[in-house]
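Note that the structure is a prediction, hence the values are computed from the model and not measured. Counting starts at 1 for both ligands and their atoms, in listed order.
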Amino acid sequence: MKLYNIKYHNEQVSFIQAAKKGLGSKQGLFFPVNLPNFNLDTINSMLKINFIDRSYEILHSYIGNEITSNNLLMCIKNAFSFPVPIKNISHNISCVELFHGPTLAFKDFGGRFLAQILACICDKEKITILTATSGDTGAAISHAFYGMDNIRVVILYPKNRISPLQEKLFCTMGENIETIAIESDFDTCQSLVKMAFDDVYLNKSIHLNSANSINICRLLAQICYYFEALAAFPEEIRNNLVISVPSGNFGNLTAGLLAKSLGLPIKRFIAATNTNNTVPRFLDSGIWEPHITIPTISNAMDVSNPNNWPRIKELFHRKSWKLTDLFYGVVSDEKTKSSISKLDKIGYLSDPHSTIAWHVLKNSIKEKEHGLFLGTAHPAKFQDVIENILNKKIRLPYELTKYNKLPLLSYTMKPNFNILREFLLK
Ligand SMILES: *Cc1c(COP(=O)(O)O)cnc(C)c1O
């Protein structure tokens with residue numbers, strides 16, 4: 001698999017290089033040179049086989065022979081070791097629950113696949129995974145890499161801006177996992193990571209790698225559950241499917257669009273955001289104007305400068321798709337809360353992020369269409385918020401109670417690159 005840097009088309013790398021480097025020079029994202037495509041007959045037969053074998057076909061079509069078939073299949077089996085159920089919410093809307101992995105958010109798919117691939121290609125080199133999280137990536141990456149030899153994991157997150165249970169899930173682990181609460185917002189954490197990657201000396205000394213959704217491994221892994229979701233529907237519904245994606249850094253939507261580009265017949269996509277609405281405003285006006293990040297109850301989507309947007313633009317350009325065909329909607333905290341209550345009344349407990357996708361979807365869906373929204377996190381991860389809204393207790397799954405009892409091990413740090421640099425070099 002060849003990939004180019006979106007900022008410098010001449011910079012080309014292999015899949016293994018892209019997986020190791022994460023980002024190209026001048027913080028450019030890597031994008032596939034060839035976009036594989038299956039015809040409809042092939043897609044229909046792929047939808048009939050099991051998740052693991054189908055995921056192999058998908059990932060092999062992108063990655064090619066850089067990873068042996070046996071190794072790739074092993075990585076997929078180890079990474080995708082949990083179910084992807086579909087819940088029917090109402091007569092024309094369903095939810096695909098992506099939060100049944102070890103850290104209860106869809107980030108487990110990409111995080112676990114990335115960890116498997118890096119373990120497979122890095123062998124004995126010592127590497128440092130440096131990543132920023134808006135809440136769920138931190139846990140997924142920490143759990144996926146925990147205890148792996150030769151891999152140091154450093155996670156930055158915005159202090160007091162992730163839910164207490166999200167924090168407990170990855171800031172209590174120790175061993176090869178170090179966590180830093182940055183006294184700022186997620187976008188600042190993300191830009192500190194990018195500065196570290198631009199620092200040639202630092203990068204060479206500690207072999208930096210990013211586990212953010214800028215890493216192509218994570219995006220490729222996420223393509224697979226779009227196929228799994230479509231496989232659950234009969235053909236007449238499948239052909240009229242509208243998918244609503246709760247979006248922050250826009251990795252999840254990028255993966256969905258890559259699935260469509262492979263030939264998966266998805267009628268249209270909806271990008272649903274909270275009040276951090278840089279992309280919806282851009283689609284409205286054509287002007288890219290990130291504002292200061294606003295804290296919301298859907299904190300994993302508190303991103304005002306979404307990292308993956310250049311990839312989406314590149315894909316639309318390459319496929320000659322029109323950005324005007326991308327639907328979108330913005331949901332305030334107030335509307336998110338009332339929608340959580342409405343969903344609860346019809347018997348579905350939903351986390352704030354997934355609820356945003358449902359809210360935009362139900363207002364956008366037309367006759368004959370069937371709506372599918374992505375359930376991106378387990379509601380219990382946002383226990384405080386949800387209990388306040390619904391005025392009732394919700395049960396915590398074992399994964400959460402287990403970590404909730406442990407003490408936090410995080411460092412606290414001012415948003416200053418030199419301090420971070422010293423920390424990394426120590
Ligand atoms: C990360 C996250 C999102 C946003 O996904 P992106 O790929 O960054 O757009 C939505 N919901 C939850 C629960 C998340 O953790």
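- Under the 4.0 angstrom criterion for non-hydrogen atoms, Phe99 is not in contact with ligand 1.
- If you number the atoms of ligand 1 from 1 as listed, the ones under 4.0 Å from a heavy atom of Gly248 come out as 4 (C), 6 (P), 8 (O), 9 (O).
- Every residue two or more places apart in sequence or in another chain that forms a ring-ring contact (aromatic ring centres under 6.0 Å, His included) with Phe423 is listed here: Tyr411.
- No more than 12 heavy atoms of other residues, nucleotides or ligands shown are found within 6.0 angstrom of CD1 on Ile292.
- For ligand 1 and His353, the ligand atoms under 4.0 Å from any heavy atom of the residue are 11 (N), 12 (C), 13 (C).
- The local environment of NZ in Lys362 is crowded, with over 12 non-hydrogen atoms from other residues, nucleotides or ligands closer than 6.0 Å.
- With rounding to the nearest 0.5 Å, the separation of CG in Leu192 from CD1 in Ile180 is 9.0 Å.
- Residue contact check: Ala300 has heavy atoms under 4.0 Å from atoms 2 (C), 12 (C), 14 (C), 15 (O) of ligand 1.
- At under 3.5 Å, a nitrogen or oxygen of Phe250, whether backbone or side chain, sits near a nitrogen or oxygen of ligand 1.
- The Gly251 neighbourhood of ligand 1 comprises atoms 6 (P), 7 (O), 9 (O), with distances under 4.0 Å to a heavy atom of that residue.
- Side chains of Asn274 and Asp302: a donor on one and an acceptor on the other come within 3.5 Å.
- Lys194 and Asn307 share a donor-acceptor pair across their side chains, judged by distance under 3.5 Å alone.
- For Pro246, the closest heavy-atom approach to ligand 1 falls below 4.0 Å.
- Under the 4.0 angstrom criterion for non-hydrogen atoms, Ala105 is not in contact with ligand 1.
- The Lys107 neighbourhood of ligand 1 comprises atoms 1 (C), 2 (C), 3 (C), 14 (C), 15 (O), with distances under 4.0 Å to a heavy atom of that residue.
- At under 3.5 Å, not a single nitrogen or oxygen of Asp351, backbone or side chain, sits near a nitrogen or oxygen of ligand 1.
- Taking any N or O of Ser134, backbone or side chain, none lies under 3.5 Å from an N or O belonging to ligand 1.
- Near Asp136, meaning under 4.0 Å from one of its heavy atoms, ligand 1 places the atoms 12 (C), 13 (C), 14 (C), 15 (O).
- With atom 11 (N) of ligand 1 as the reference point, the heavy atom nearest to it among Thr376, Leu374, Thr273 is part of Thr376.
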Please output the side-chain donor-acceptor pairs of residues 94-108 that fall under 3.5 Å, not counting sequence neighbours, one pair per line with the distance.
unit_1	atom_1	unit_2	atom_2	d
Ser94	OG	Asn88	OD1	3.1
Ser94	OG	His370	NE2	2.8
Glu97	OE1	Lys87	NZ	3.1
Glu97	OE1	His100	NE2	2.8
Glu97	OE2	Tyr348	OH	2.6
Thr103	OG1	Asp108	OD1	2.7
Thr103	OG1	Asp108	OD2	3.2
Asp108	OD2	Thr103	N	2.7
Asp108	OD2	Leu104	N	3.4

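- The shortest distance between side-chain heavy atoms of Leu230 and Pro265 falls below 4.5 Å.
- Just one of Cys189, Ser191, Pro415 meets the side chain to side chain contact (heavy atoms under 4.5 Å, CB included) condition when paired with Ser184; it is Pro415.
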